[in-house]
There are 2 protein chains.
Amino acid sequence: MANMREIAKEAGVGISTVSRYINNTGYVSERSRAKIERVIEKSHYKPNELARAIFTRNSKIIGLLVPNISNPYFNELALIIEEYASEQGFSIFLCNTNDDFEKESNYINVLQGHRVAGIITVRSQCKNEYAAYDIPVVSFESYISEKIITVATDNFTGGSLAFNHLYECGCRNLVHVAGPLFADAISERTRGFIESAREKNITVDLIQFETDFQRKMLEANIKTLEDIEKYDGIFVFNDIAAATVIRYFQQKNVRIPEEVQVIGFDNSYIGEFLFPSLTTIEQSVQEVGRTLVEALLKLIKGEAVDQKKIIIKPNLVKRDSTRVSK
Amino acid sequence: MANMREIAKEAGVGISTVSRYINNTGYVSERSRAKIERVIEKSHYKPNELARAIFTRNSKIIGLLVPNISNPYFNELALIIEEYASEQGFSIFLCNTNDDFEKESNYINVLQGHRVAGIITVRSQCKNEYAAYDIPVVSFESYISEKIITVATDNFTGGSLAFNHLYECGCRNLVHVAGPLFADAISERTRGFIESAREKNITVDLIQFETDFQRKMLEANIKTLEDIEKYDGIFVFNDIAAATVIRYFQQKNVRIPEEVQVIGFDNSYIGEFLFPSLTTIEQSVQEVGRTLVEALLKLIKGEAVDQKKIIIKPNLVKRDSTRVSK
DNA sequence: GTGAAAGCGCTAACAG
DNA sequence: CTGTTAGCGCTTTCAC
């Protein structure tokens, strides 16, 4: 692929004229314009963004770190982020961290090396790894440091909503399927659920899932569900895990919501496809995605972001896996 | 962030010594080594990959174009591609084309501008747009040109398998939910299904879906399903669309597989979460992902790839949305 | 072993 | 309006 100097020579103009033409910065006569246009056209020339970025000191790329792009909530989030970002001329550099500290911190280095304009990180496990650099970072779910903006659902309230709903639906014998312990956001859901239960003098049994990766869940965690049908209400830490739980019940011919009621968390699209469709606590993926991108873009543009902690309000989405008693 | 020259000065060595140290190319004395190491350590220096790439003439980045990352098959594919690629030191630049020609061709330019090492494109609608550049490209599903490697399932056979299975399950009154017409791969499924039916003197009714994006499907295409319960067997062009169809049946209280049997295509993870779980034609996402990356990596390394067309064998995955009659 | 210097492709003054 | 020139941060000869 040709470079700018070649284009200039071929068009019989100076290199900076070509630059001005391309960037629309400064005057270029009609004659030069026409000549340049022709040469670029036939040579399929595209300015090298790498060389460009070396100047502007960063590329128009946003690094997106998610645990696992095949989690429905995360991929819908990625879709939305990509949509907003591309409207603003930014592209997405996708990183699956696999919930693995090493992989995440390695990717931080890679992104740093590529001088990305900013990073959106989801359910991060790294702290100093981000602090060490001066790239704008916005974090969803995990709190990283004072300087880094956190966007998070009010997970405590979310857990509380989940409890209240199950309670209203008549459940008194509850179990909570809790998620990976390293994730603050997920632990908060657990706390909110349990504390609300305590207020009503109800104790909650716990089952621990170590991961929310489809394949691994199906293989490993299913055995922890053994006696789960002795409960009448279950709160699962997210929708995809809830899907696994529901699937398990189907296999065991346990009827939902007649015998057990189930509530998830996220309101990802998978909930609508389950049978019965999943009652869940929504953290609006639209809102989260937009908030994340907007905050990051501000940071990138050097504008101040007043709040260091942006809270998303959770709310109940009632479907068929629970039923109001009476 | 510091640059190499500053590191060199700080360490009291020449810039090229630092370069040699970092790239492990050529000798560096123990003394210099130690000094450089210290300076890099405390300054969090990361070499600028952009500047580097300007030399090597491309970055270690692979562009991935998919219609929609929230389609379960595509996001699982993306996960696998990212996994393989990152093992080889490549990262992923994610592009959602939205099945939109403009957006795809625009992204091709962006990727080109960033001098990505290669492109994996899924269900592409562009042709010349790729041919114009000399970046390695591997295409999944769509045939682009003679020069560009195509990886595709034998979709015709897949459609045929789908028919044969429904036939064996006793279905005689068939309808096919066909997908977007611009996608060759999807049309082939239709052809395979219909031709096999014709051999048995069975005619197949057709319903057309214009998209396979969850949200759009639910809103728009559902009305085309109106009279669908008059059939006893349905072949849907992919799993996520089949999920929509199944959901529709649930709402109408039509029993699967007792009243209608359903078969999908892809074997994406969503199939296992549906109720009843979805019988489908698998195009192994593992195999597809690996094949795609391997072929692209060969191209990137300048190795020859013997086959321009790599065929993936489809096969039946029997679950609960169909039943063998008898 | 090591540093100076040229150059990758581009941008941004700055004279003319 | 336009071309020359000096970098951006890095790699890579090539003398010392």
Side-chain angles (χ1 to χ4, degrees), chain A residues 1-37 39-40 43-61 109-117 133-135, chain B residues 1-37 39-40 43-61 109-117 133-135:
Chain A
M1 152 95 60
N3 65 21
M4 206 152 129
R5 209 169 335 265
E6 284 166 41
I7 301 292
K9 191 192 285 180
E10 181 89 7
V13 299
I15 184 173
S16 56
T17 305
V18 177
S19 175
R20 256 169 294 150
Y21 166 82
I22 287 177
N23 298 296
N24 233 298
T25 157
Y27 295 102
V28 179
S29 69
E30 263 320 312
R31 276 195 63 228
S32 305
R33 188 174 293 276
K35 285 189 294 185
I36 294 171
E37 202 161 297
V39 177
I40 287 185
S43 66
H44 295 298
Y45 170 74
K46 275 278 139 203
N48 185 326
E49 297 295 339
L50 269 26
R52 257 181 175 170
I54 232 177
F55 252 80
T56 52
R57 268 134 166 6
N58 70 40
S59 48
K60 297 278 270 180
I61 296 188
N109 283 332
V110 172
L111 292 174
Q112 170 64 209
H114 281 279
R115 301 296 190 271
V116 297
Y133 303 120
D134 44 3
I135 295 182
Chain B
M1 148 98 58
N3 64 22
M4 205 151 132
R5 205 165 345 258
E6 285 166 41
I7 301 292
K9 190 191 286 180
E10 181 90 8
V13 300
I15 182 172
S16 54
T17 304
V18 177
S19 175
R20 255 169 296 153
Y21 166 82
I22 287 178
N23 299 295
N24 232 299
T25 156
Y27 295 101
V28 178
S29 70
E30 261 320 312
R31 275 195 65 229
S32 306
R33 186 175 294 277
K35 285 188 294 184
I36 295 172
E37 202 160 298
V39 177
I40 289 186
S43 67
H44 296 299
Y45 171 74
K46 275 278 140 202
N48 186 328
E49 296 296 337
L50 267 26
R52 256 181 176 169
I54 232 177
F55 254 80
T56 51
R57 268 134 165 9
N58 70 39
S59 49
K60 298 277 268 181
I61 297 188
N109 283 333
V110 172
L111 291 174
Q112 170 63 208
H114 282 279
R115 301 296 189 271
V116 297
Y133 302 119
D134 43 4
I135 294 182

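Per chain, numbering begins at 1; letters A, B, ... match sequence-line order. A quick note: this is a predicted structure, and the numbers were derived from the prediction, not measured.
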Nucleotide-resolved protein contact map, nucleotides 5-16 of chain D, B/S/- at heavy-atom distance under 4.0 Å
--BBBBBB----

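- Think of the region where chain B sits on DNA chain C: with heavy atoms and a 4.0 Å cut, that region ends 5' and 3' at dG1(C) to dG9(C).
- For Tyr27(B), the side chain to side chain donor-acceptor pair (under 3.5 Å) criterion is met by no residue, not counting sequence neighbours.
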Show me the side-chain donor-acceptor pairs of residues 45-54 of chain B shorter than 3.5 Å, one per line, residues at least two apart or across chains.
{"residue": "Asn48(B)", "atom": "OD1", "partner": "Leu50(B)", "partner atom": "N", "Å": "2.7"}
{"residue": "Asn48(B)", "atom": "OD1", "partner": "Ala51(B)", "partner atom": "N", "Å": "3.2"}
{"residue": "Glu49(B)", "atom": "OE2", "partner": "Arg52(B)", "partner atom": "NH1", "Å": "3.0"}
{"residue": "Arg52(B)", "atom": "NH2", "partner": "Asn23(B)", "partner atom": "OD1", "Å": "2.8"}

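- Direction of the helix axis in the helix from dG1(C)-dC16(D) to dG16(C)-dC1(D) shifts by 40° between the two five-pair termini, rounded to 10°.
- Among residues two or more places apart in sequence or in another chain, the side chain to side chain donor-acceptor pair (under 3.5 Å) test is passed with Ser29(A) by Ser32(A).
- Across every non-hydrogen atom of Ala117(B) and Ile135(B), the tightest pair is O-CG2, 4.1 Å.
- Residues passing the side-chain contact (heavy atoms from CB on, under 4.5 Å) test with Val39(A), sequence neighbours excluded: Ile7(A), Glu10(A), Ala11(A).
- Taking Arg115(B) as the reference, nothing meets the salt bridge (Lys or Arg N to Asp or Glu O under 4.0 Å) condition, with sequence neighbours excluded.
- With sequence neighbours left out, the salt bridge (Lys or Arg N to Asp or Glu O under 4.0 Å) criterion links Arg33(B) to Glu30(B).
- Distance CD1 (Ile36(A)) to C1' (dG3(D)): 12 Å, rounded to an integer number of Å.
- The side chain to side chain donor-acceptor pair (under 3.5 Å) check on Glu37(B) picks up Tyr21(B), with sequence neighbours excluded.
- Rounded to the nearest 0.5 angstrom, Met4(A) CE and Thr17(A) OG1 are separated by 9.0 Å.
- For residues 13-26 of chain A, there are no salt bridge (Lys or Arg N to Asp or Glu O under 4.0 Å) pairs, not counting sequence neighbours.
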